[in-house]
Amino acid sequence: MKLYNLKDHHEEVNFAYAIKLGLGKKQGLFFPKKLPKFNSQELQELTQMDFINRSANILSHFISDEISLQNLKIQVKNAFSFTPPILHMVEKNIACLELFHGPTLAFKDFGARFMANMLSYWNDQDDSMTILTATSGDTGAAVAHAFYCMNNIRVVILFPKGKISRLQEKLFCTLGKNIHTIAIDGSFDDCQSLVKQAFNDKKLRKKIGLNSANSINISRLLAQICYYFEAFALIPHHQQENIVISVPCGNFGNLTAGLLAKAIGLPIKSFIAATNSNDTIPRYLKNGIWAPYKTMSTISNAMDISQPNNWPRVEELFSKQKWNLKSLGYGSVSDQETIHTLKKLHHIGYISEPHAAIAYQLLKKQLSPQDFGLFLGTAHPTKFQNTIEKILNIKLKLPKSLEKRANLPNFSHHMKPNFLKLKNFLLQL
Ligand SMILES: *Cc1c(COP(=O)(O)O)cnc(C)c1O
């Protein structure tokens, strides 16, 4: 697969190289030059496969020139070696696609584990590599676990101090070995900006073999396309006609993957881009003005992002497909409304968490009676144990993977958002 740099169309790379580079020149994102397209016959065939075989098949249509279907299947099987997505009916025509049954209880396990497997498949054993990633909550854990104990790969994770939940932090700051975590005095955008500065430093980049595992890495988005097809396969046949999918958005990687799924032939009627009060995109879609505010802390912290990295990919896709941006649903939900929605969901028998609740709230508001609505369950409710227990006045039982880590010591370093300090840290590893 050939990909081009959105900021410099002359820069073209193949997938194996894009996955190693993360970002191109001028910090441009990579975008596929040509998208595969499944017709309805092929879609039918795909629908009948199991999750692993179908996923390998879909991905193979992108990258068959770089890896055989047989080898890709092995990588996909290793990457998606956990409970596949579950379709949980919440109302007659609304379901949650639960993507949080992986090792770190968030949808990010799909992308991070596929990326880790492909990187190690293509990585020369003599090349050492440093993965530098900023996290607003769940990326850190997914990436840390995906790369844990891999040879020749060091992982450095920056997160905004005090702005992610205690259990989110426990999941990745208690690993040690090749996983280094730094609490930054600042917001997620500050962390993201430090990562960008490191990528801008050519010498540093070369010296430590810098790579990023953020959703700017195209491999993560490709992996995520697979669960949209799984969702389609799980939806009852008579309800497959008018599917509307509401996606809780932060960096907009998940939404980009959904739109890519549609572009290659998955019949989705429309998408809703759901945000919390960090509403740069809803405001942009409404009035066409790009005006990010300072990032606000909310109870849906993984979405506390006011300068979403993947947005240029969304615009590129709309323009390439000749879709109208006006067809994209959108909206933002305040903390107060989120709390109210969590209670409403609990009342109808579903315990959710703030991110999914935001997607549900907007779906409920915008869904027509003849539509089938799907909202993405991006994280397991217990990752936000304190918040949920307080709001719903219930006790949550932790899944084993979380319980195991909850009382381990935290190995994190602590740093001001200062690039020179970070650089020294990276050079000393
Ligand atoms: C990362 C994350 C999101 C946002 O996903 P993007 O792909 O960055 O838009 C939403 N919910 C949860 C729980 C997350 O961890």
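Indexing begins at 1, ligand by ligand and atom by atom, following the structure's order. Here the structure is a predicted model, which means the values were calculated and not measured.
Heavy-atom contacts of Phe252 reach the following atoms of ligand 1: 6 (P), 8 (O), 9 (O) (cutoff under 4.0 Å). Atoms of ligand 1 lying under 4.0 Å from any heavy atom of Gly253, numbered from 1 in the order shown and given with element: 6 (P), 7 (O), 9 (O). Close approach of ligand 1 to Cys249 is summarised as follows: ligand atoms under 4.0 Å from at least one heavy atom of the residue are 9 (O). Every atom of ligand 1 with a heavy atom of Asn254 under 4.0 Å away is listed here by number and element: 7 (O). The Met303 neighbourhood of ligand 1 comprises atoms 10 (C), with distances under 4.0 Å to a heavy atom of that residue. When each atom of ligand 1 is checked for a heavy atom of Ala302 under 4.0 Å away, the hits are 2 (C), 12 (C), 14 (C), 15 (O). For ligand 1, the atoms closer than 4.0 angstrom to any heavy atom of Ala379 are 13 (C).
Arg54 places a side-chain N or O within donor-acceptor distance of the main-chain N or O of Met49, the cut-off being under 3.5 Å. A donor-acceptor pair under 3.5 Å is absent between the side-chain atoms of His180 and the main chain of Ser412, judged by distance alone.
In summary, Glu42 and Lys37 do not engage in a salt bridge, as defined by a charged side-chain N under 4.0 Å from a carboxylate O. By the 4.0 Å N-to-carboxylate-O rule, Lys163 lies too far from Asp304 to be salt-bridged with it. Salt bridge annotation for Lys383-Asp138: present, with a cationic side-chain nitrogen under 4.0 angstrom from a carboxylate oxygen. Salt bridge status for Lys33 with Glu12: present, with a side-chain N to carboxylate O gap under 4.0 Å.
For Arg283 and Tyr293, the positive end sits near the middle of the six-membered ring, less than 6.0 Å away and at most 45° from its axis.
Summarising the local packing, CG of Asp65 is surrounded by more than 12 heavy atoms from other residues, nucleotides or ligands at distances under 6.0 Å.
For ligand 1, one of its N or O atoms has an N or O atom of Gly250 under 3.5 Å away. In terms of polar-atom proximity, defined here as any N/O pair under 3.5 Å, Asn251 does make such a contact with ligand 1.
When the options Asp138, Asp304, Leu105 are ranked by their closest heavy atom to atom 15 (O) of ligand 1, first place goes to Asp138.
Looking at Lys108 against ligand 1, only its side chain comes within 4.0 Å, counting heavy atoms.
Residue Phe107 places a heavy atom under 4.0 Å from ligand 1.
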